[in-house]
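Every heavy atom of this structure was used, including side-chain atoms; hydrogens, water molecules and symmetry mates were not.
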Amino acid sequence: MSRSTARTTARGELIADTAIDLLAERGLRGLTHRAVDEAAGLPQGSTSNHARTREALLEAAVRRLAVREARVLGPAQRMPEPGDGPGALAEAVAPALHRYLTHHRHLAVARYELALEATRRPALRAIYDRAGTRAFLEPLVAVMAAAGSTAPERHALSLVAWCDGVMFSCTAGSYHSTVPTLEELRTGLEELLRGVLGG
């Protein structure tokens, strides 16, 4: 990668990261090109040069959010191998979910803002869905299949729905002031996984 390409990439990431932070702090109304320039300490017009329209800025935020969430939610240890059972899978997933809830809740708030906006913007919806499928759903389907699932896509959906429900409840829902312990998350995951996988 050339030095100029690296600079362009770094600036694009700074703009997208700042957009994510603004979404979490101020919501969609607070996300403007000027606000990104100011919050990122960039010369006026920098964000417009990188993402000329609001749609382009939102799309950049969606793509960057998928990268950042994948880093946070990636398991800290190896994923289970066939025959390891539901407990091993819960052991791998729970720390990632706990890490997200304790140190990266602002990413969830930004994601909810973008998800709702995507319901009104078909082009953004397509990018949002594609980013999520590549970063999370496809790998999770493969993990469920390796864990012995007889219906890996359906079971992956159940796991995603459970994790999403916990994240929403503990970030913006009724339990927003509560973070489950690592052990509570592990137990809940294992209960779910034993239900879908058996054992």
Side-chain angles (χ1 to χ4, degrees), residues 12-40 47 50-51 53-75 93-141 143 153-182 184-185 188-189 192:
E13 289 179 355
L14 173 61
I15 287 169
D17 284 338
T18 304
I20 289 167
D21 291 342
L22 288 171
L23 284 166
E25 293 167 11
R26 305 178 190 176
L28 278 163
R29 289 184 180 181
L31 179 64
T32 65
H33 288 76
R34 181 187 294 273
V36 173
D37 285 341
E38 290 174 357
T47 300
H50 177 77
T53 65
R54 183 171 178 79
E55 187 93 22
L57 183 56
L58 291 170
E59 290 172 4
V62 166
R63 290 190 178 99
R64 181 65 176 161
L65 183 63
V67 170
R68 290 180 61 182
E69 285 194 314
R71 288 176 183 164
V72 174
L73 290 168
V93 174
L97 189 55
H98 189 259
R99 183 167 59 247
Y100 189 98
L101 289 170
T102 51
H103 299 295
H104 302 278
R105 289 159 69 111
H106 68 290
L107 296 180
V109 176
R111 178 154 56 90
Y112 301 142
E113 293 280 351
L114 289 166
L116 288 172
E117 187 66 9
T119 65
R120 296 178 285 271
R121 294 175 182 257
L124 185 64
R125 174 90 267 165
I127 291 169
Y128 184 97
D129 291 348
R130 196 161 51 245
T133 297
R134 276 200 305 261
F136 303 106
L137 193 53
E138 288 175 356
L140 198 52
V141 169
V143 166
E153 290 190 8
R154 180 162 53 83
H155 292 159
L157 173 60
S158 294
L159 181 54
V160 167
W162 190 89
C163 291
D164 270 346
V166 169
M167 287 191 287
F168 180 84
S169 294
C170 296
T171 302
S174 301
Y175 294 88
H176 64 89
S177 61
T178 304
V179 176
T181 66
L182 179 57
E184 287 170 336
L185 290 170
L189 280 162
L192 169 73

Pairing residues for [X] by the side chain to side chain donor-acceptor pair (under 3.5 Å) criterion, not counting sequence neighbours:
| X | result |
| --- | --- |
| D17 | R64, R68 |
| E117 | R120, R121 |
| R105 | none |
| Y100 | E69 |

Ring pair (Phe, Tyr, Trp, His ring centres under 6.0 Å) partners of Y112, counting only residues at least two apart:
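If we apply the ring pair (Phe, Tyr, Trp, His ring centres under 6.0 Å) test to Y112, skipping adjacent residues, the hits are F168.
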
Does Y175 have any ring pair (Phe, Tyr, Trp, His ring centres under 6.0 Å) partners at least two apart in sequence or in another chain, and if so, which?
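With neighbours one apart ignored, the set is empty.
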
Could you grab the distance from atom [atom1] of [X] to atom [atom2] of [Y], nearest 0.5 Å is fine?
| X | Y | atom1 | atom2 | answer |
| --- | --- | --- | --- | --- |
| R134 | D129 | CZ | CG | 11.5 Å |
| T47 | L14 | OG1 | CG | 8.0 Å |
| L58 | L124 | CG | CG | 5.5 Å |
| T178 | H176 | OG1 | NE2 | 8.0 Å |
| L65 | L114 | CG | CG | 6.5 Å |
| T171 | R111 | OG1 | CZ | 8.5 Å |

With sequence neighbours excluded, tell me which residues meet side-chain contact (heavy atoms from CB on, under 4.5 Å) with [X].
| X | answer |
| --- | --- |
| T53 | E55, A56 |
| T181 | E183, E184 |
| I127 | E59, V62, R63, R130 |
| E153 | V141 |

Which pair of heavy atoms, one from [X] and one from [Y], lies closest together, and at what distance?
| X | Y | answer |
| --- | --- | --- |
| A61 | I20 | O-CD1, 3.8 Å |
| C163 | L189 | SG-CD2, 4.2 Å |
| L192 | W162 | CD2-CB, 3.6 Å |
| H104 | R99 | CD2-O, 3.6 Å |
| T133 | P139 | O-CD, 4.0 Å |
| T18 | A39 | CG2-CB, 3.6 Å |

Pairs involving residues 167-177, ordered by first then second residue, that meet salt bridge (Lys or Arg N to Asp or Glu O under 4.0 Å) (sequence neighbours left out):
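For residues 167-177: none.
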
Do V160 and F136 come within less than 4.5 Å of each other through their side chains, counting heavy atoms only?
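Heavy-atom side-chain distance check fails, nothing below 4.5 Å.
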
Please answer whether the main-chain N or O of V166 pairs with a side-chain N or O of S169 as donor and acceptor at a distance below 3.5 Å.
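Checked: no pair found.
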
Atom pairs and distances, donor-acceptor, side-chain atoms in residues 25-36, under 3.5 Å, two or more places apart:
from: T32; atom 1: OG1; to: A35; atom 2: N; distance (Å): 2.9
from: H33; atom 1: NE2; to: A51; atom 2: O; distance (Å): 2.6

